[in-house]
Amino acid sequence: VATLAYALGLSRIQDPVRFADIQIGVDLVLVTLLVHATGGAQSGYTFLYLVDVVAVSLLPKRFSPGNVAAASALLFVGISLLGYLRILPPITGQTVFPWDLTLEELVFRLVVYLAAVVSVAALGMSLHAKTREARERLARHERIAGDLASLHQNTIRCLSSGLTTT
């Protein structure tokens, strides 16, 4: 549903970078609600937080994968603990409850998730840096190609008069 809304609104977007920032924030909130509705720490949808970390790694500016990973970790731990401690009520129709876990299972799942998010964030930051370097190299090569094209045009233009250019 969110993807459809993003697609419909894309033509009216003035600032795509700001839109991407908003989209990542909305995605994190929606994933958090989905995780709570499907059992908190025992939810099968916790991997969706990691998808946002990877997605941010591919964006050209603004958010760092580390920032999104930290937000994901805080949201996941927060929603898991609030559900486990029964501070957040269950959603109508919910069949898997966050408090169905033992304390040991909860801690284990939180530690495993935090290890996963740290690993994905490290890989994402590496990908982000490599992508930025590739963009800079591409821009440099485009300038060089433009200079070569200008030199080629000048050479062709001067061939008829017998002059050479450097």
Side-chain angles (χ1 to χ4, degrees), residues 1-140:
V1 174
T3 302
L4 181 61
Y6 297 148
L8 292 174
L10 193 57
S11 63
R12 292 178 275 228
I13 300 303
Q14 302 291 331
D15 183 2
V17 174
R18 181 157 171 76
F19 178 70
D21 295 347
I22 293 168
Q23 184 178 1
I24 294 295
V26 169
D27 284 352
L28 289 174
V29 169
L30 291 175
V31 169
T32 301
L33 293 173
L34 180 63
V35 165
H36 176 64
T38 56
Q42 59 186 331
S43 172
Y45 295 103
T46 58
F47 74 93
L48 292 174
Y49 284 116
L50 304 177
V51 172
D52 278 336
V53 175
V54 172
V56 166
S57 302
L58 301 172
L59 294 176
K61 297 180 182 177
R62 303 276 289 253
F63 274 123
S64 159
N67 293 343
V68 175
S72 296
L74 287 173
L75 288 169
F76 176 71
V77 170
I79 202 73
S80 296
L81 291 175
L82 291 173
Y84 181 78
L85 298 172
R86 298 180 188 217
I87 295 171
L88 286 178
I91 294 174
T92 305
Q94 187 172 349
T95 57
V96 180
F97 300 102
W99 54 81
D100 289 343
L101 294 171
T102 66
L103 181 59
E104 292 79 22
E105 290 172 325
L106 174 68
V107 170
F108 175 76
R109 288 174 188 262
L110 292 176
V111 168
V112 167
Y113 174 77
L114 291 174
V117 80
V118 166
S119 300
V120 170
L123 292 171
M125 288 189 292
S126 175
L127 176 62
H128 188 69
K130 298 276 187 204
T131 303
R132 187 180 64 247
E133 290 170 11
R135 280 192 188 98
E136 290 169 359
R137 263 195 324 273
L138 178 61
R140 187 173 58 249

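Rounded to the nearest 0.5 Å, atoms CD1 (Ile87) and CG (Leu81) are 8.5 Å apart. Taken to the nearest 0.5 Å, the CD atom of Gln42 stands 5.5 Å off from the CG atom of Asp100. Atoms OG1 and CG, from Thr46 and Leu34 in turn, are 10.0 Å apart once rounded to the nearest 0.5 Å. To the nearest 0.5 Å, the span separating CG on Leu28 from OG1 on Thr32 amounts to 6.5 Å. Note that NZ of Lys130 is 11.0 Å distant from CZ of Arg132, once rounded to the nearest 0.5 Å. Atom OH of Tyr84 and atom OG1 of Thr102 lie 6.5 Å apart (nearest 0.5 Å).
For the residue pair Leu127 and Leu58, the shortest heavy atom distance occurs at CD2-CD2, 3.6 Å. When all heavy atoms are compared, the tightest approach of Pro90 to Phe97 is CB-CE2, 3.6 Å. Residues Pro98 and Gly83 share a closest heavy-atom pair of CB-C, 3.4 Å. Shortest non-hydrogen contact noted between Ile91 and Ala37 is CD1-CB, 3.4 Å. When every heavy atom of Ala121 is checked against every heavy atom of Val53, the shortest pair comes out as CA-CG1, 4.0 Å. Closest approach of Ala41 to Leu106, counting heavy atoms only: CB-CD1, 3.6 Å.
Put simply, the residue from Asp52, Val120, Val54 that forms a side chain to side chain contact (heavy atoms under 4.5 Å, CB included) with Val68 is Asp52. Put simply, the residue from Val35, Leu48, Val96 that forms a side chain to side chain contact (heavy atoms under 4.5 Å, CB included) with Ser43 is Val35.
Surrounding CZ of Phe47 are more than 12 heavy atoms belonging to other residues, nucleotides or ligands, all under 6.0 Å away.
Using cut-offs of 30° and 60° on the angle between ring planes, the pair Phe76 and Tyr49 is perpendicular.
Between Tyr113 and Val77 there is no side-chain heavy-atom pair separated by less than 4.5 Å.
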